[in-house]
Amino acid sequence: MRKGYCLNLFGTFWARDTSWIDRFVINHERIHTAQMRELLFIPFYIFYVLEWLIRIIQFRDAHKAYLNISFEREAYTHGHDLEYLKQRRHFASIHYLRKSPRK
């Protein structure tokens, strides 16, 4: 689990404390940037929030909802694979909508 928080706004990473950020966190955020570009940024944020709200209803827990957003599931699944973005298919996060959610 992460030690802090990082916010990715339009491909720019923001963090209050950067001491915990390593190449895997950067890779996680780069996966999000690829997702954003595919959806032309604004729709990414709309889908992200809508899915989070649906997941809150589903899990009745904001953190579980966050972990089950398809965009996050893809980024967490492949964040430690530093070669993932080289072979990632476009719109790969769609596959995480169909997979069973994390409990």
Side-chain angles (χ1 to χ4, degrees):
M1 201 49 128
R2 290 184 178 181
K3 298 175 188 170
Y5 295 96
C6 186
L7 181 64
N8 184 338
L9 291 175
F10 302 96
T12 304
F13 312 150
W14 298 85
R16 204 175 270 185
D17 173 19
T18 59
S19 63
W20 60 275
I21 295 177
D22 60 16
R23 61 190 174 155
F24 303 114
V25 173
I26 292 169
N27 193 50
H28 176 102
E29 296 304 332
R30 285 183 176 156
I31 293 168
H32 284 317
T33 299
Q35 296 164 340
M36 290 176 202
R37 286 184 181 144
E38 290 169 344
L39 294 171
L40 305 176
F41 293 95
I42 299 299
F44 168 85
Y45 292 105
I46 293 169
F47 290 135
Y48 190 101
V49 170
L50 286 175
E51 186 177 354
W52 181 66
L53 292 172
I54 290 167
R55 299 292 185 188
I56 285 177
I57 293 167
Q58 180 182 11
F59 292 103
R60 302 200 190 298
D61 180 300
H63 185 68
K64 277 186 185 176
Y66 158 77
L67 291 174
N68 280 285
I69 296 169
S70 57
F71 301 117
E72 292 298 340
R73 291 176 68 195
E74 179 188 8
Y76 277 115
T77 299
H78 300 286
H80 283 81
D81 179 357
L82 301 178
E83 301 297 313
Y84 176 67
L85 284 171
K86 293 178 183 175
Q87 51 87 30
R88 179 184 180 269
R89 293 183 178 208
H90 291 294
F91 302 101
S93 56
I94 289 172
H95 300 289
Y96 292 87
L97 282 170
R98 290 187 233 138
K99 290 187 178 185
S100 298
R102 298 176 184 180
K103 299 292 179 183

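Throughout, residue positions are numbered sequentially from 1 according to the sequence presented.
One finds the NE2 atom of His78 at 9.0 Å from the CZ atom of Arg88 (value rounded to the nearest 0.5 Å). The distance from the CD1 atom of Ile69 to the CZ atom of Phe47 is 13.5 Å, given to the nearest 0.5 Å. The structure places CZ of Arg73 at 11.0 Å from OG of Ser93, a figure rounded to the nearest 0.5 Å. Here CZ of Phe71 is found 6.5 Å from CD of Glu51. Values are rounded to the nearest 0.5 Å.
A salt bridge does not link Arg55 to Glu72: none of the charged side-chain nitrogens sits closer than 4.0 Å to a carboxylate oxygen.
Phe10 and Tyr45 have their aromatic ring centers within a separation under 6.0 angstrom.
Taking Gln87 as the reference, nothing meets the side chain to side chain donor-acceptor pair (under 3.5 Å) condition, with sequence neighbours excluded. In this view, Ile26 and Phe13, Ile21, Arg30 satisfy the side chain to side chain contact (heavy atoms under 4.5 Å, CB included) rule, not counting sequence neighbours. Listed by chain and number, the residues in a side chain to side chain contact (heavy atoms under 4.5 Å, CB included) with Trp14 are Leu7, Leu9, Thr12 (sequence neighbours excluded). Take Asp17 and apply the side chain to side chain donor-acceptor pair (under 3.5 Å) test, not counting sequence neighbours, and it matches Ser19. For Arg37, there are no side chain to side chain donor-acceptor pair (under 3.5 Å) partners at least two apart in sequence or on another chain.
The two residues Met36 and Gly11 come nearest to each other via the heavy atoms SD-N, 3.9 Å. The two atoms that bring Ala62 and Ile56 nearest to each other are CA-CG1, 4.2 Å, heavy atoms only. Across every non-hydrogen atom of Glu29 and Asn8, the tightest pair is O-ND2, 2.9 Å. Smallest separation of non-hydrogen atoms from Tyr66 and Trp52: N-CD1, 3.6 Å.
Leu50 and Ile57 fall into different hydrophobic clusters, where Ile, Leu, Val, Met, Phe, Trp and Tyr residues are linked whenever their side-chain heavy atoms come under 4.5 Å apart, directly or through other members. Connection of Leu82 to Tyr76 is not established within any shared hydrophobic cluster, with ILVMFWY side chains joined at heavy-atom distances below 4.5 Å, either directly or through further cluster members. Ile54 and Leu39 are members of different hydrophobic clusters when ILVMFWY side chains are connected at heavy-atom separations under 4.5 Å. Cluster membership check: Phe24 does not share its hydrophobic cluster with Trp20, using side-chain heavy-atom separations under 4.5 Å among Ile, Leu, Val, Met, Phe, Trp and Tyr. Under the 4.5 Å side-chain heavy-atom criterion for grouping Ile, Leu, Val, Met, Phe, Trp and Tyr, Leu40 is not connected to Phe44 through any hydrophobic cluster.
Looking at Phe59 and Leu67, their side chains never come closer than 4.5 Å, going by heavy atoms from C-beta outward.
Ring geometry for His32 against His28 counts as perpendicular: the plane angle is over 60°, on a 0 to 90° scale with 30° as the lower cut.
Other members of the hydrophobic cluster containing Leu85, listed by chain and number, are Ile31, Tyr84; membership follows side-chain contacts under 4.5 Å among ILVMFWY residues, whether direct or relayed.
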